[in-house]
Amino acid sequence: MILLVILIPVILGTVIGYITGFILKKQKSSKYSICTLIISILVVSGIGYIFNNLLLPKPALNFMMIGMAFSATFANMISEEKLEEIMKKFNPILGISMIIVILNLGMPLDYHLIMGAGLFTLIYIISRAIGKYCGAFIGAKVTKSSESVKKYLGLTLLPHSGVSLIFTGIVVSILTVPDPECAKRLYKVQSQLLQL
């Protein structure tokens with residue numbers, strides 16, 4: 001099941017991204033390109049929803065992975081100029097979508113549950129923050145970046161959940177059979193951390 005949860009999003013995103021890239025290469029008008037991109041996003045999301053809710057025994061697909069595979073595939077198929085032209089027109093839609101997603105994630109956030117998760121949550125948040133900040137600082141120092149990059153890049157990375165939450169999701173799915181109570185608690189913590 002774990003292999004499917006990783007492979008299905010990558011294959012799905014890559015196939016639809018390839019079809020989208022093929023269509024975008026042929027189109028000359030930026031209006032049609034934006035329409036094609038929006039329709040393709042809806043199609044890949046719809047197919048992901050069908051897999052997630054109708055074909056798999058329980059919802060388990062990572063839609064972020066679908067999106068990364070989709071966008072990486074079509075973006076590498078078209079010219080840089082065409083991609084820049086499409087993104088210039090698509091950025092307002094993307095910005096509004098991101099605001100909606102962030103607001104949607106934040107609405108059900110229960111800070112008491114995070115505090116109730118105990119030591120695990122505290123260790124996770126502190127170690128992640130230290131790792132992000134120190135890693136960015138060392139990277140900026142090695143690449144001889146400016147002082148502002150050294151000081152502030154790590155801070156900008158703090159809100160990004162990253163791969164660690166995906167691994168937590170994998171652990172939850174593995175623990176579901178042998179220790180369902182522990183998996184349930186870990187899932188609650190993961191969903192709350194995702195909203196941070």
Side-chain angles (χ1 to χ4, degrees), residues 2-3 5-7 9-10 13-14 17 41 45 48 59-76 80 83-84 87-88 90-176 179 181-196:
I2 293 171
L3 192 61
V5 168
I6 295 168
L7 283 179
V10 171
T14 304
I41 290 170
S45 300
L61 289 187
N62 185 331
F63 280 80
M64 190 170 22
M65 208 181 277
I66 294 172
M68 288 188 297
F70 168 76
S71 57
T73 303
F74 89 78
N76 284 302
E80 236 177 274
L83 182 62
E84 195 174 311
M87 289 314 296
K88 194 182 289 183
F90 187 72
N91 275 338
I93 299 168
L94 181 62
I96 291 168
S97 302
M98 293 302 287
I99 290 170
I100 292 169
V101 166
I102 291 167
L103 288 174
N104 188 39
L105 282 173
M107 279 185 201
L109 184 61
D110 181 5
Y111 293 100
H112 296 88
L113 186 61
I114 294 171
M115 296 308 162
L119 191 61
F120 171 74
T121 305
L122 185 66
I123 291 169
Y124 176 84
I125 291 171
I126 290 171
S127 61
R128 185 174 162 272
I130 291 170
K132 293 259 187 188
Y133 187 81
C134 293
F137 183 83
I138 292 168
K141 200 167 183 92
V142 167
T143 58
K144 297 177 178 59
S145 296
S146 68
E147 282 300 312
S148 62
V149 171
K150 286 180 198 172
K151 287 181 187 175
Y152 302 115
L153 180 62
L155 294 175
T156 64
L157 295 174
L158 291 181
H160 298 264
S161 302
V163 176
S164 56
L165 291 174
I166 294 170
F167 289 137
T168 309
I170 292 170
V171 171
V172 167
S173 65
I174 290 171
L175 285 175
T176 301
D179 192 355
E181 186 59 37
C182 184
K184 186 189 274 185
R185 272 189 262 137
L186 191 57
Y187 178 75
K188 283 182 182 177
V189 171
Q190 180 204 23
S191 63
Q192 292 300 309
L193 289 174
L194 236 171
Q195 294 170 7
L196 288 176

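Keep in mind that this is a model prediction, so the values were computed, not measured. No hydrogens, no waters, no symmetry mates; every other heavy atom, side chains included, goes into these values.
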Minimum-distance pair of heavy atoms, taken over all atoms of Val149 and Ala140: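 Looks like CG1-CB, 3.9 Å.
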Taking every non-hydrogen atom, the tightest pair across Pro9 and Ala69: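 Answer, listing the atom of Pro9 first, then Ala69: O-CB, 4.2 Å.
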Contacts of type side-chain hydrogen bond (donor to acceptor under 3.5 Å, both in side chains), residue Ser145, not counting sequence neighbours: Thr143
side-chain hydrogen bond (donor to acceptor under 3.5 Å, both in side chains) partners of Glu147, counting only residues at least two apart: Lys150
Any donor-acceptor N/O pair, Tyr133 side chain to Tyr152 backbone, under 3.5 Å: no
Nearest 0.5 angstrom please: Ser97 OG to Asn91 CG, how far? 11.0 Å
CD1/Ile93 to CE/Met87 distance, rounded to the nearest 0.5 angstrom?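 These two atoms lie 9.5 Å from each other.
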Over 12 non-hydrogen atoms of neighbours within 6.0 angstrom of CZ in Phe63: yes
Residues which pass side chain to side chain contact (heavy atoms under 4.5 Å, CB included) with Ala136, listed by chain and number, not counting sequence neighbours: Leu153, Leu157
